[in-house]
**Q** 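I am attaching a structure below and will ask some questions about it afterwards.
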Amino acid sequence: MTDIAMLPESWRGVLGEELQQPYFKELTEFVEEERAKGPVYPPRDEVFAALDATPYDRVKVLVLGQDPYHGEGQGHGLCFSVRPGVKTPPSLRNIYKEMQAELDTPIPDNGYLMPWAEQGVLLLNAVLTVRAGEANSHKGRGWEKFTDAVIRAVASRPDPAVFVLWGAYAQKKLPLIDQERHAVVKGAHPSPLSAKKFFGSRPFTQINEAVAAQGHEPIDWTIPNLG
């Protein structure tokens, strides 16, 4: 069961009530039924991994993805990120290419983005679980209501943040964000389908300029090699 005890402590005050709502009970029952039928990713103890890695009061940047990777061993609860030792997926490869061109950072040998999360980059998927091998298979079951509440919680803090919305799906969340108080970096999705528009958009410079303007330490985007 997904219950309040699994929600990281720093988020309980702002999200605890969501877990008491009827929709969340139905969502939990659905995900448990799915797990009984076959593999669901990420594992149960990593569903809230993004919230665990980036405490509520430390969020500088919120990057919104869509749903978890659906291959075995890939996703671990942080959008765009994969476990150490797993091949870097196409969208993340394109993110790395843009970083290299924009910031002259080396392309790392891994897709493990925990160093970003630990600096205050909340790597949030809109949907937090997926059936093995079936993209978007848990879409529309209630996760979007929960992650909208996460976005609202960050947007309601006195301390401003930077919201990164790549692609049309993420940009539908704009109404949840007060753009007079927070910065929004929009652009094409780094997917191979739209990468031509993503390349050259200089998102990392935009993000760090906004982070600095908000009085925070800029993000070091370098991902260390693990090999």
Side-chain angles (χ1 to χ4, degrees), residues 2 11 14-15 17-19 21-24 26-28 30-31 41-42 47-51 54 56 59-70 75 77-81 89-92 94-95 98 113 116-117 120-131 134-157 159-204 206-207 210-211 214:
T2 304
W11 292 90
V14 291
L15 296 176
E17 287 186 8
E18 290 298 312
L19 274 63
Q21 300 299 316
Y23 86 85
F24 200 89
E26 292 174 12
L27 169 62
T28 297
F30 165 73
V31 174
Y41 303 128
V47 170
F48 292 141
L51 302 178
T54 310
Y56 175 62
V59 178
K60 298 178 184 178
V61 180
L62 188 155
V63 178
L64 186 66
Q66 196 157 347
D67 78 329
Y69 296 120
H70 54 265
L78 276 60
C79 74
F80 293 107
S81 182
S91 291
L92 183 53
N94 289 335
I95 289 171
E98 173 63 20
L113 302 183
W116 294 357
V121 181
L122 178 60
L123 295 166
L124 181 72
N125 276 315
V127 176
L128 298 187
T129 56
V130 68
R131 191 181 306 136
E134 295 184 48
N136 294 315
S137 49
H138 288 185
K139 181 181 178 182
R141 306 301 300 225
W143 278 127
E144 295 90 342
K145 289 184 181 180
F146 177 78
T147 54
D148 280 359
V150 175
I151 295 168
R152 287 193 192 94
V154 175
S156 68
R157 294 183 322 172
D159 200 16
V162 182
F163 292 82
V164 180
L165 307 177
W166 285 327
Y169 180 88
Q171 288 162 26
K172 289 177 182 177
K173 306 298 181 178
L174 271 170
L176 305 177
I177 303 161
D178 180 354
Q179 294 183 66
E180 292 186 6
R181 292 185 54 243
H182 302 282
V184 175
V185 173
K186 297 184 290 183
H189 195 278
S191 155
L193 297 173
S194 51
K196 285 183 179 178
K197 293 180 180 178
F198 176 75
F199 293 140
S201 61
R202 300 184 64 79
F204 303 100
Q206 292 182 63
I207 294 165
V211 168
Q214 292 171 351

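Just so we're clear, the structure is a prediction, and the values are computed from it rather than from any experiment.
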**Q** What is the distance from atom OG1 of Thr54 to atom NZ of Lys60, rounded to the nearest 0.5 Å?
**A**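 Between Thr54 OG1 and Lys60 NZ, I get 11.0 Å after rounding to 0.5 Å.
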
**Q** If I compare all heavy atoms of Arg157 with all of Val59, which pair ends up nearest, and what's the gap?
**A** NH2-O, 2.7 Å

**Q** Is a donor on one side and an acceptor on the other found under 3.5 Å between the side chain of Glu144 and the backbone of Gly140?
**A** yes

**Q** Can you tell if the side chain of Leu51 reaches within under 4.5 Å of the side chain of Leu122, non-hydrogen atoms only?
**A** yes

**Q** Atom CZ of residue position Arg131 - does it have more than 12 heavy atoms of other residues, nucleotides or ligands inside 6.0 Å?
**A**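 Yes.
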
**Q** What is the distance from atom CZ of Phe146 to atom CG of Leu128, rounded to the nearest 0.5 Å?
**A** 6.5 Å

**Q** Does the Gln171 side chain pair with the main chain of Ala188, one donor and one acceptor, at a distance under 3.5 Å?
**A** no

**Q** When the ring planes of Phe204 and Trp116 are compared, do they come out parallel, tilted or perpendicular, using 30° and 60° as the limits?
**A**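 Because their plane-to-plane angle lies in the 30° to 60° range, the rings of Phe204 and Trp116 count as tilted.
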
**Q** Can a donor-acceptor pair be found, under 3.5 Å and without considering hydrogens, that links the side chain of Glu18 to the backbone of Val150?
**A** no

**Q** Please assess Leu92 against Ile95 for the test side chain to side chain contact (heavy atoms under 4.5 Å, CB included), listing each intermediate value before the final yes or no.
**A** CA-CA 5 Å; Leu92 183 53; Ile95 289 171; 4.2 Å; yes

**Q** In sequence, state the C-alpha distance, the side-chain angles, and the governing distance for Lys186 and Leu174, and then conclude on side chain to side chain contact (heavy atoms under 4.5 Å, CB included).
**A** CA-CA 10 Å; Lys186 297 184 290 183; Leu174 271 170; 3.8 Å; yes

**Q** In Å and rounded to the nearest 0.5 Å, what is the NZ to OG distance from Lys197 to Ser191?
**A** 12.0 Å

**Q** For Arg181 and Pro160, work out which heavy atoms get closest and say how close.
**A** O-CB, 3.2 Å

**Q** With rounding to the nearest 0.5 angstrom, report the CG to NE2 distance, Leu62 to His182.
**A**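 If I round to the nearest 0.5 Å, the distance is 10.5 Å.
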
**Q** Does the Ser81 side chain pair with the main chain of Leu78, one donor and one acceptor, at a distance under 3.5 Å?
**A**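 Judged by distance alone, no pair lies under 3.5 Å.
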
**Q** So which heavy atom on Tyr169 is nearest to which on Gly65, and how close?
**A**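 Tyr169 and Gly65 have their closest heavy atoms at CE2-O, 4.4 Å.
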
**Q** Quick one: closest heavy-atom pair of Ala126 and Thr147, and the distance?
**A**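 Ala126 and Thr147 have their closest heavy atoms at O-OG1, 2.7 Å.
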
**Q** Walk me through whether Ile151 and Ile177 qualify under side chain to side chain contact (heavy atoms under 4.5 Å, CB included).
**A** CA-CA 8 Å; Ile151 295 168; Ile177 303 161; 4.1 Å; yes

**Q** Looking only at atom types and distance, does a side-chain atom of His70 sit under 3.5 Å from a main-chain N or O of Glu134, one as donor and one as acceptor?
**A** no

**Q** Can you name the closest pair of heavy atoms from Val127 and His138 and give their distance?
**A**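 Heavy-atom minimum between the residues: CG1-O, 3.7 Å.
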
**Q** Any heavy-atom pair between the side chains of Asn125 and Trp143 that's under 4.5 Å?
**A** no

**Q** Working to the nearest 0.5 Å, report the span between NZ of Lys145 and CD of Glu26.
**A**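 It is 8.0 Å, given to the nearest 0.5 Å.
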
**Q** May I ask you to test the Phe198-Pro203 pair for a side-chain heavy-atom distance under 4.5 Å?
**A** yes

**Q** Please examine the side chains of Thr129 and Val47, heavy atoms only from C-beta on, and report whether any two atoms are closer than 4.5 Å.
**A**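 In short, these two side chains touch, coming nearer than 4.5 Å.
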
**Q** Does some side-chain heavy atom of Lys139 sit less than 4.5 Å from a side-chain heavy atom of Asp67?
**A**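 No, too far: nothing below the 4.5 Å cut-off.
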
**Q** Taking all atoms of both residues into account, what is the closest heavy-atom pair of Ser91 and Pro192, and its distance?
**A** OG-CD, 4.2 Å

**Q** Given the rule in the side chain to side chain contact (heavy atoms under 4.5 Å, CB included) test, do Leu124 and Val154 qualify, once you have shown the distances and angles that lead to the verdict?
**A** CA-CA 12 Å; Leu124 181 72; Val154 175; over 6 Å; no

**Q** Counting C-beta onward and ignoring hydrogens, is there a side-chain heavy-atom pair between Leu64 and Cys79 closer than 4.5 Å?
**A**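 They are not in side-chain contact.
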
**Q** Got Phe48 and Leu15 here, is their nearest side-chain heavy-atom distance under 4.5 Å?
**A**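 In short, these two side chains do not touch, never coming nearer than 4.5 Å.
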
**Q** Over 60° means perpendicular and under 30° means parallel, so classify the ring planes of His189 and Phe80, tilted if in between.
**A** tilted

**Q** A side-chain contact here means heavy atoms from C-beta on lying under 4.5 Å apart; do Val121 and Ile207 qualify?
**A** no

